[in-house]
2 protein chains.
Amino acid sequence: MSKKIKITVDAVVFGYDQESGIRILLVKRKYEPFKGEWALPGGFILESENLEDAVERELYEETGVRINYLEQLYTFGKVDRDPRSRIISVAYFGLVNSNHYKDIRADTDAEDVDWIKIKDLPSLAFDHKVIIEKAVDRLRSKVRYEPIGFELLDSKFPFSDLEDLYGSLLDKPIDRRNFKKKFMSFGILTELNEFAPKKGAGRPGKLYQFDEAKYKARKENGLFFEI
Amino acid sequence: MSKKIKITVDAVVFGYDQESGIRILLVKRKYEPFKGEWALPGGFILESENLEDAVERELYEETGVRINYLEQLYTFGKVDRDPRSRIISVAYFGLVNSNHYKDIRADTDAEDVDWIKIKDLPSLAFDHKVIIEKAVDRLRSKVRYEPIGFELLDSKFPFSDLEDLYGSLLDKPIDRRNFKKKFMSFGILTELNEFAPKKGAGRPGKLYQFDEAKYKARKENGLFFEI
DNA sequence: GCAAAAGTGTTGGGCCTACACCCATGC
DNA sequence: GCATGGGTGTAGGCCCAACACTTTTGC
């Protein structure tokens, strides 16, 4: 029987900004095991709590972040993945607009909290490196067949932000004309009559907005989103 | 803390044959709760047992089936999914050649075991209906971008078996010429100089074999399998 | 010889890729 | 006026979908 087996949840939360690219929200552990090492936010689930609620609670407790997109990633259950005892972790994968959490501060349970570039990960507690690798794979593939990238951007964004995001996610240069043609052909973006705030030189870009209602409607009718 | 939370594994095992199409391996429960109802094979995991080992063990104990393809599907953890207590289930998704288990017999833990057509599912214990729906979705989409269908067929098969399988999985008629052209273009099938045993009228078909080594090699070189 | 299943090529259209110049703004 | 970033169209090739007749076998 599974009496002594415990369950945790862990969250791989992605953020994005132009300068740093894709980053992950990590906490520095305050307690043993792996005290002082970076780890994914997460923790034990309560007996009367759904898995998603546990993730959202732990995430908020440890980092102050409220997530806008969350999906289950994978369950990690190797016998020896935690030195304390048999602990199985249900990992989740989340997206937030990291501009809302620029100056993130450690809460009581963690020694430190920060956004860390995925190109630049430190060594991590437990099997969290493996979890992150899986999450990155998932993000990279999912973003190609579902329009989830918007969760990482402001709700109104210039088209170039989307280009940059996809370029950095897919890790290869994008043909701006083809990309725009294709993306617009899905008919899920609304072109606004507003312009991006000017930052330095260059022509200001028009702002766009993701229209989720339209996306859902087209999906019903067999739209294939694919980049 | 998660002291009182228990963990089970469940297996959605798919089989296939020409007459019945896609079927799932189910057991009729011998004990409460849901005594006498059909359910997925599965059960509690042992403290020193990896998740996959638990699935394989439970599956063998309850049905005598040894799986050849197994992957994790999803973890179901709604607070009230089990009337006994808080039980979280890690569901797996498996494929076997059901010809090897034509006359399957109930073992000690189950009242009955059988292959049930997915078009014809009875009511099921727990949230197993939801689990199966998720597994079916996964099978249908996965078979389009990874060559896993062979696990359901004999190791040597006439091309028409593959056609029929894909037709039944994707639930739409297949253009035989285009399908064959495309599939052969991946270069992962070996054409043998043997012919299928004759069953009734009709010209006997050549036998083919999946060449996993070739598949892996081509995958390294960026082969995109996609049907 | 007829019914059943296997084997086999070509063509047209649509989509994707490749590619370069002009425009609006800040300094 | 120059540097920076935004906006935009076309042509060629490739891939995919559509489509039907012949061959081999059992009865």
Side-chain angles (χ1 to χ4, degrees), chain A residues 16-19 21 143-145 153-154 156-168 170-209 218 221-227, chain B residues 17-19 21 143-145 153-154 156-168 170-209 218 222-227:
Chain A
Y16 172 73
D17 82 71
Q18 227 86 343
E19 295 118 68
V143 85
R144 300 189 52 177
Y145 64 89
L153 302 178
D154 293 328
K156 300 174 181 183
F157 54 88
F159 207 85
S160 57
D161 276 17
L162 201 59
E163 282 168 25
D164 292 345
L165 172 62
Y166 272 80
S168 126
L170 307 181
D171 206 16
K172 62 172 184 188
I174 280 187
D175 181 293
R176 289 167 53 229
R177 281 179 283 191
N178 292 339
F179 181 78
K180 182 157 186 183
K181 228 181 308 167
K182 193 166 192 179
F183 220 110
M184 295 311 288
S185 76
F186 299 126
I188 57 177
L189 289 187
T190 309
E191 183 173 341
L192 304 174
N193 278 323
E194 303 170 50
F195 289 82
K198 295 148 193 173
K199 38 172 205 279
R203 175 174 174 175
K206 268 201 174 173
L207 292 179
Y208 291 80
Q209 206 168 188
R218 309 234 160 174
N221 301 332
L223 163 75
F224 279 127
F225 177 88
E226 186 164 2
I227 292 290
Chain B
D17 82 72
Q18 226 85 344
E19 294 117 70
V143 84
R144 299 189 52 178
Y145 64 88
L153 301 177
D154 293 327
K156 300 175 180 183
F157 54 87
F159 207 86
S160 56
D161 276 16
L162 200 61
E163 282 169 25
D164 291 345
L165 172 63
Y166 272 80
S168 130
L170 307 180
D171 208 14
K172 63 174 183 186
I174 282 188
D175 181 294
R176 290 170 52 232
R177 282 179 284 191
N178 291 340
F179 180 78
K180 182 156 186 183
K181 227 180 308 166
K182 194 165 192 179
F183 220 110
M184 294 312 287
S185 76
F186 299 127
I188 58 177
L189 289 188
T190 309
E191 183 174 341
L192 304 174
N193 278 323
E194 303 170 51
F195 289 83
K198 296 148 192 172
K199 36 175 208 277
R203 177 172 172 174
K206 267 201 175 173
L207 292 178
Y208 291 79
Q209 208 169 187
R218 310 233 159 177
L223 162 75
F224 278 128
F225 177 88
E226 186 164 3
I227 290 290

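Owing to the predicted nature of the structure, the values given are computational and were not obtained by experimental measurement. A, B, ... follow the sequence lines: proteins, then strands. Residue 1 opens every chain.
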May I ask you to check whether over 12 heavy atoms, not counting those of N193(B), lie within 6.0 Å of atom CG?
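No.
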Specify the separation, in whole Å, of atom NZ of K181(A) and atom C1' of dT8(D).
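To the nearest whole Å, that distance equals 10 Å.
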Expressed as a whole number of angstroms, how long is the span from K206(B):NZ to dT24(D):P?
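Between P of dT24(D) and NZ of K206(B): 13 Å.
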Residues in side chain to side chain donor-acceptor pair (under 3.5 Å) with Y16(A), at least two apart?
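Y16(A): no side chain to side chain donor-acceptor pair (under 3.5 Å) contacts found.
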Under the side chain to side chain donor-acceptor pair (under 3.5 Å) test, which residues partner D175(B), sequence neighbours left out?
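Not a single residue meets the side chain to side chain donor-acceptor pair (under 3.5 Å) criterion with D175(B).
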Quick one: closest heavy-atom pair of A196(A) and P204(A), and the distance?
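Minimum heavy-atom contact is O-CB, 3.9 Å.
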With sequence neighbours left out, what residues match [X] under salt bridge (Lys or Arg N to Asp or Glu O under 4.0 Å)?
| X | answer |
| --- | --- |
| R177(A) | none |
| K206(B) | E191(B) |
| D17(B) | R23(B) |
| R176(B) | E163(B) |

Reported CG-to-CG distance for the pair D161(A) and D154(A), which is rounded to 0.5 angstrom
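One gets 7.5 Å once the value is rounded to the nearest 0.5 Å.
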Approximate separation, where rounding is to 0.5 Å, of S168(B) OG and I174(B) CD1:
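The distance works out to 9.5 Å.
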Would you say S160(A) reaches dG5(D)'s phosphate, i.e. side-chain N/O to OP1/OP2 under 4.0 Å?
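Result: no.
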Partners of K156(A) by side-chain contact (heavy atoms from CB on, under 4.5 Å), sequence neighbours excluded?
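Here the qualifying residues are L192(A), E194(A), L207(A), Q209(A).
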Run the side-chain contact (heavy atoms from CB on, under 4.5 Å) test against L162(A) and tell me which residues pass, sequence neighbours left out.
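So L162(A) forms a side-chain contact (heavy atoms from CB on, under 4.5 Å) with F150(A), L153(A), F157(A), F159(A), Y166(A), F179(A), F183(A), L189(A).
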Nucleic acid contacts of residues 188-197 of chain B, taken as heavy-atom distances under 4.0 Å to DNA chain C:
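Going residue by residue through residues 188-197 of chain B, none turns out to have a heavy atom under 4.0 Å of DNA chain C.
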Which residues in residues 171-178 of chain A have a heavy atom closer than 4.0 Å to any atom of DNA chain C?
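Heavy-atom contacts with DNA chain C come from D175(A), R177(A), N178(A).
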Does the R144(B) side chain pair with the main chain of I227(B), one donor and one acceptor, at a distance under 3.5 Å?
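Checking the backbone N and O of I227(B) against the side chain of R144(B), a donor-acceptor pair under 3.5 Å is found.
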Boundaries of the chain B footprint along DNA chain C (any atom under 4.0 Å from a heavy atom):
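So the contact region on DNA chain C extends dA4(C) to dT10(C).
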Review item, nucleotides 25-27 of chain D N/O atoms under 3.5 Å of protein N/O:
| unit_1 | atom_1 | unit_2 | atom_2 | d |
| --- | --- | --- | --- | --- |
| dT25(D) | O2 | G202(B) | N | 3.4 |

